[in-house]
2 protein chains.
Amino acid sequence: MRNRAGIETQERILAATKRLLAERGLDGVTIKGICDAAEVHAGSFYNLFESKEQVVLTAVREAIKAVDPDPAGTGNDHLTDLVDAYIRFVMGDQNLARVYLMVAVSGGLTDPAIRARVLGHHEDRHARFVAALHRERPGIGDDQAAELIDALLAALNGYAFQWLLDPSFDFENHARRLLTYA
Amino acid sequence: MRNRAGIETQERILAATKRLLAERGLDGVTIKGICDAAEVHAGSFYNLFESKEQVVLTAVREAIKAVDPDPAGTGNDHLTDLVDAYIRFVMGDQNLARVYLMVAVSGGLTDPAIRARVLGHHEDRHARFVAALHRERPGIGDDQAAELIDALLAALNGYAFQWLLDPSFDFENHARRLLTYA
DNA sequence: TCAGAACTAGAGTGAAAACTAAAGAAAAGT
DNA sequence: ACTTTTCTTTAGTTTTCACTCTAGTTCTGA
């Protein structure tokens, strides 16, 4: 149903889209830009993707998924593992992290479909962090745990944003230090 | 040099621009959209503004300025005052808050001019919060104060974003509660 | 009141965008 | 080898965008 060549150019187009999204933002991305970067002609693009919207959404979906690479998980991560995973995600692929933040904010605030996706993802992550916290401090109340995790996740996202703005910001240490407050 | 009518339509255009920025994001704003919303024709628009870029930048500048309505200040605010001011800003005019967050993230990550503006503004705010913290807890070290404020500001922004995504999120209480962690 | 300045309407321009159609080249299955 | 499907190219079409032009209206100060 799909040739090897087709799959390969599809991947090239997707990679180019992610790069351009990170560099130029949601509005800076054009079909021509993508095609030039991926060394593909418009006709090929439309043979593999339905629209510009579709390829952007695919890139976004992957970025969101990459925040939490193992959503099933073992069910007994520590909080430090979860924070480390986020640090790795943000520092590992800046492009993806940029796309994630931009889409979460701009898309989340303007596009209902993206908002639903972002909110759903946030809930999942929240639940997982809360479970980890309960495991580490069994005495803690449900409400208090939820609130601590709210603060932790909010601060983590805030730090990530700060670091992307200002590369001299020590994201890793700040992020780890948050655990000592909780 | 400028008629009353002109000033009035200028304000209408600016208000429409802010609203559209909040609703549709940086890329969703068009001259036609602005003109329709402001009930003005393109000719009038270009009589009052040089370009789309100019009107958007003006709206953005106002949004950033509105975060901290009294930058000079008395020099002896309490932390709670500063947090309250932020709460008022976010909850007072959702459009402005949306524009602020979107521009800080999307613009900050892609446009050097906006990035510089956002970073500068952030530094000012940081310094002001640190000064307030020092006043309240004179014994605290400079580094520790800076770090606490880093966390506080990051979490505040994270909360604001969360609330704009999900209006049922109790932004006000979460924001105030952050002070008890510090 | 009247001249000049500021404003508005509304059609129009050119560039750039997304997207399409048709025909040829490569790959895969038989 | 032959047929079918998939992929690529090329050369469009259409839409949308920011922005301009001109003629006409309203405002304002002397």
Side-chain angles (χ1 to χ4, degrees), chain A residues 1-61 99 102-103 106-107 110-111 113-114, chain B residues 1-61 99 102-103 106-107 110-111 113-114:
Chain A
M1 221 120 200
R2 178 121 289 172
N3 267 353
R4 204 166 307 155
I7 292 172
E8 202 242 307
T9 61
Q10 206 173 30
E11 280 165 0
R12 234 171 41 237
I13 289 173
L14 203 55
T17 304
K18 283 184 211 160
R19 213 176 63 237
L20 290 178
L21 272 174
E23 282 168 12
R24 311 220 257 263
L26 273 173
D27 47 331
V29 172
T30 64
I31 296 289
K32 187 180 178 333
I34 292 172
C35 289
D36 285 356
E39 291 181 319
V40 162
H41 290 253
S44 288
F45 176 94
Y46 282 97
N47 183 46
L48 296 164
F49 291 92
E50 284 198 350
S51 64
K52 178 187 157 184
E53 202 190 349
Q54 199 212 339
V55 74
V56 167
L57 264 179
T58 305
V60 164
R61 219 180 354 251
V99 171
M102 281 193 299
V103 162
S106 298
T110 56
D111 183 297
I114 293 183
Chain B
M1 220 114 200
R2 178 123 291 173
N3 268 353
R4 205 165 304 154
I7 292 172
E8 201 242 306
T9 60
Q10 206 173 29
E11 281 164 2
R12 234 171 40 236
I13 290 172
L14 202 56
T17 305
K18 284 184 209 159
R19 213 176 65 235
L20 289 178
L21 272 174
E23 281 168 12
R24 310 220 257 264
L26 271 173
D27 47 331
V29 171
T30 65
I31 295 289
K32 187 181 177 335
I34 293 172
C35 290
D36 284 358
E39 292 182 318
V40 163
H41 288 252
S44 293
F45 177 93
Y46 281 98
N47 182 47
L48 297 164
F49 291 92
E50 285 198 349
S51 62
K52 177 188 159 184
E53 202 191 350
Q54 199 212 338
V55 73
V56 167
L57 265 179
T58 304
V60 163
R61 220 183 348 254
V99 171
M102 281 194 299
V103 162
S106 298
T110 56
D111 183 297
I114 293 183

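Convention: sequence-line order gives letters A, B, ...; per-chain numbering from 1.
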Asker: Please list, by residue number, the residues of residues 9-22 of chain B whose heavy atoms come closer than 4.0 Å to an atom of DNA chain D; answer none if no residue qualifies.
Answerer: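 Residues of residues 9-22 of chain B under 4.0 Å from DNA chain D: none.
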Asker: Using a cut-off of strictly less than 4.0 Å between a heavy atom of the residue and any atom of DNA chain C, enumerate the qualifying residues of residues 40-47 of chain B by number.
Answerer: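 Contacting residues: B/His41, B/Gly43, B/Ser44, B/Asn47.
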Asker: Side-chain atoms of residues 12-24 of chain B: list all donor-acceptor pairs with protein atoms under 3.5 Å, sequence neighbours left out, distances to 0.1 Å.
Answerer:
from: B/Arg12; atom 1: NE; to: B/Ala38; atom 2: O; distance (Å): 2.9
from: B/Arg12; atom 1: NH1; to: B/Glu8; atom 2: OE2; distance (Å): 3.1
from: B/Arg12; atom 1: NH2; to: B/Ala38; atom 2: O; distance (Å): 3.3
from: B/Arg12; atom 1: NH2; to: B/Glu39; atom 2: O; distance (Å): 3.4
from: B/Thr17; atom 1: OG1; to: B/Ile13; atom 2: O; distance (Å): 2.7
from: B/Lys18; atom 1: NZ; to: B/Glu62; atom 2: OE1; distance (Å): 2.8

Asker: Sort and list the pairs that fulfil ring pair (Phe, Tyr, Trp, His ring centres under 6.0 Å) and have at least one residue in residues 15-46 of chain A, not counting sequence neighbours.
Answerer: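 The answer is A/Phe45-A/Phe49.
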Asker: Nearest whole angstrom, please: distance from the P of D/dT8 to the CZ of A/Arg4.
Answerer: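 My rounded result for the distance is 14 Å.
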Asker: If I take atom NZ in residue B/Lys32 and atom P in nucleotide C/dA17, what distance separates them, rounded to the nearest angstrom?
Answerer: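 Checked: the NZ to P distance equals 21 Å.
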Asker: Nearest-Å distance, CD1 (A/Ile31) to P (D/dT15)?
Answerer: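 From A/Ile31 CD1 to D/dT15 P: 17 Å.
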Asker: Would you kindly give the CD-to-P distance between B/Glu39 and C/dT8, to the nearest whole Å?
Answerer: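 B/Glu39 atom CD is separated from C/dT8 atom P by 13 Å.
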Asker: Could you pull out all residues at least two apart from A/Thr30 that satisfy side-chain contact (heavy atoms from CB on, under 4.5 Å)?
Answerer: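 With neighbours one apart ignored, the set is A/Lys32.
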Asker: Does anything in residues 48-60 of chain B reach DNA chain C, meaning a heavy atom under 4.0 Å, and if so which residues?
Answerer: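 Contacting residues: B/Leu48.
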Asker: Give me each pair satisfying salt bridge (charged side-chain N to carboxylate O under 4.0 Å, His left out) with a member in residues 41-61 of chain B, each pair once, sequence neighbours excluded.
Answerer: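 As it turns out, there is no salt bridge (charged side-chain N to carboxylate O under 4.0 Å, His left out) pair with a partner in residues 41-61 of chain B once direct neighbours are skipped.
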